[in-house]
Amino acid sequence: MNGATFLVKALERQGVDVIFGYPGGTIMPFYDALLKAEFQHILVRHEQAAAFAAEGYARATGKVGVCVATSGPGATNLVTGLADAFLDSVPLVAITGQVSTAVLGTDAFQEVDIIGMTFSIVKHSFLVTSAADLPRVVREAFHLAASGRPGPVLIDLPKDVCLADVPPKLVVDREPTPAAEPDPAILQRAATLLKQSQRPLAYAGGGIGMAGAVDKFRAFMAATGLPSVTTLKGLGAVRSDDPLWLGMLGMHGLKGANHAVHECDLLVVIGARLDDRATGKLVEFAPNAKVIHIDIDAAEVGKRRRPQAALVGELAPCLDALSFPLDIEPWLQTCREYKALGSWDYNTPGEGVYAPRLLHNLSQAAGDKTVISCDVGQHQMWVAQHYGFNRPGQQLTSGGLGTMGFGIPAAIGAAFGLPDHRVISVTGDGSIMMNIQELATIKRYNLPIKILLFDNSCLGLVRQWQELFYENRMSSVELHDNPDFGQLAESFGIPALRIEHAEQEGDAIDALLKTDGPLLVHALINPRENVWPLVPPGAANTQMMEGARL
Amino acid sequence: MSFILQIRMKNMEGVLERVLGVVRYRRHGLLRLMAHPTPDGSHMDVTLKVDKGNNGHHLSRHLEKLFDVETVEVYSEVAAVSYG
């Protein structure tokens with residue numbers, strides 16, 4: 001058995017059911033072996049989309065996503081996806097072809113040092129120089145990607161290794177260090193802080209979903225009765241109809257959420273890294289609070305805010321130990337008042353499509369078996385604010401890297417991972433053009449993905465910032481010469497529906513929910529619409545700007 | 001202010017680059033480096049002196065996350081001298 005065939009068999013043994021990739025010179029032996037694979041290979045139209053599709057699959061299912069590319073440009077096209085997965089802790093195994101070992105380091109055709117250029121954006125990487133190493137490398141790669149704090153792992157595979165025989169010998173794996181048990185003394189300190197607190201608040205991050213700890217977290221919340229805020233990646237950890245959930249905090253967070261963080265006297269940070277978009281000006285973030293920080297990654301605890309109790313390890317045992325009732329009714333009443341501060345008014349003036357209202361109504365109608373895959377920009381923030389998520393994995397969003405072009409390929413991955421779910425990609429006219437070629441993948445595999453495109457003929461979030469923080473000087477944000485997106489979709493064989501009036505929003509929602517097969521809904525919106533509220537860069541979260549709706 | 005890190009790592013291809021990359025990315029200046037393989041060649045022992053000593057334990061946590069790194073010990077410069 002040669003290395004390529006062994007790799008295919010090894011992926012099967014790992015339980016892989018689908019991979020996303022694009023062939024090329026040095027990876028051809030693997031593609032030849034793929035012809036006999038028991039799993040499906042999805043041919044995307046750009047390697048970046050392979051990485052995002054694998055991410056979408058992983059984010060939606062919780063399983064390891066796999067992407068493949070050839071050496072050189074194929075490998076470099078994966079780099080943004082690796083960075084995206086790294087910053088959002090997504091389990092990913094990326095396989096790149098590489099020139100043969102005999103010419104490694106000679107600037108051979110399509111040779112780049114992909115290992116060297118990705119050191120800082122992978123959890124680990126392997127350059128496989130001997131077929132004998134393949135069994136160990138594949139096992140370690142999958143284990144590393146999924147264990148502890150998940151992340152991307154790169155396997156760089158020279159062509160001659162693919163063609164060499166894999167000797168049938170056992171190789172001892174190196175296992176990653178298991179997560180530490182929480183320190184009982186620190187647990188006790190955390191319990192004391194919680195009992196002494198008059199105004200405690202849970203700060204829920206994406207780590208809750210990544211750890212599969214949602215049930216434990218919700219049991220903890222039910223036992224303590226804590227009010228909560230969530231980060232962008234933490235949306236869904238708390239059900240959106242929870243009366244004590246104050247919403248997303250941070251730059252585009254809800255007013256009530258940011259005020260509650262400012263006023264609390266104890267912040268229980270769970271599976272979150274206190275990202276700068278969430279905290280705002282750090283020295284004014286939760287100024288009255290002590291902090292309990294629970295995370296599997298010791299490097300995140302204390303990175304931006306020194307906690308009074310640092311619990312490093314799996315979330316579940318920590319949450320179990322802190323699940324006891326609290327008497328905080330006056331604070332809960334305050335939080336209910338904060339929550340009322342953040343209630344939305346969807347009665348916007350004007351006859352045009354209002355994206356927040358459309359998303360809110362879509363959320364009400366779509367049900368929990370719907371996955372929303374976002375691109376990046378104003379629409380991403382409107383989704384976070386106005387769509388009610390009830391479980392992690394329901395929202396696929398590029399949080400840490402903020403990568404335009406993520407949404408459609410991630411939706412493709414989710415559609416393969418959760419074929420019994422409805423998948424809707426919400427995008428903008430800037431973002432959709434970053435990976436527009438993947439409409440061909442949707443059509444090729446007849447995926448019933450719905451695309452909701454909010455078109456304001458500009459790069460809306462950049463325009464908003466130029467309006468607010470650069471004295472209205474518009475620089476390279478106008479996209480008035482966009483293609484006709486309906487015709488473009490139809491040229492890929494995907495039907496399209498165009499809406500531009502408020503009274504058409506209901507029709508659009510019906511079409512999104514009831515159409516068989518893929519569909520593009522092209523919604524024209526006011527180019528001057530802004531995302532509110534907004535914490536200006538460098539300001540404290542309580543210094544929120546709010547503007548008039550147009 | 002500076003501090004010293006003593007690192008025991010698997011002697012794998014690229015391991016030193018990975019360690020130095022973390023030091024650079026986490027904004028520590030490298031002041032001194034000593035590295036030598038263990039007698040059996042399976043491991044490498046590295047001693048780094050880096051600046052920004054008030055954040056040494058945080059850097060060590062990032063280094064500990066590298067798969068090939070087995071142990072990281074942090075010393076303030078004064079402590080290292082007294083042990084030396």
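Letters A, B, ... mirror the listed sequences (proteins, then strands); counts begin at 1. From a predicted model like this one, the values you see are computed outputs, not experimental measurements.
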Q) Between B:D68 and A:H124, what is the shortest heavy-atom contact and its length? A) OD2-CE1, 3.3 Å
Q) Given the options A:G116, A:S120, A:S125, which has more heavy-atom pairs under 4.5 Å with chain B than any of the others? A) A:S125
Q: Indicate the atoms forming the closest heavy-atom contact of A:A299 with B:K65, along with that distance.
A: CB-CD, 3.7 Å
Q. For the atom pair CD1 (A:I115) and CZ (B:R18), what is the distance rounded to the nearest 0.5 Å?
A. 6.5 Å
Q | Within residues 142-155 of chain A or reaching into it, pairs that qualify as salt bridge (charged side-chain N to carboxylate O under 4.0 Å, His left out) - sequence neighbours excluded | A | A:R149-A:D297, A:R149-A:E300
Q) Pick from B:R24, B:H62, B:E64, B:E13: which one has the most heavy-atom pairs with chain A under 4.5 Å? A) B:H62
Q. Do other residues, nucleotides or ligands put more than 12 heavy atoms under 6.0 Å from the CZ atom of B:R27?
A. no
Q: Could you pull out all residues at least two apart from A:T279 that satisfy side chain to side chain donor-acceptor pair (under 3.5 Å)?
A: A:R304
Q | Expected output: side-chain B:R61 to main-chain A:V301 donor-acceptor under 3.5 Å | A | yes
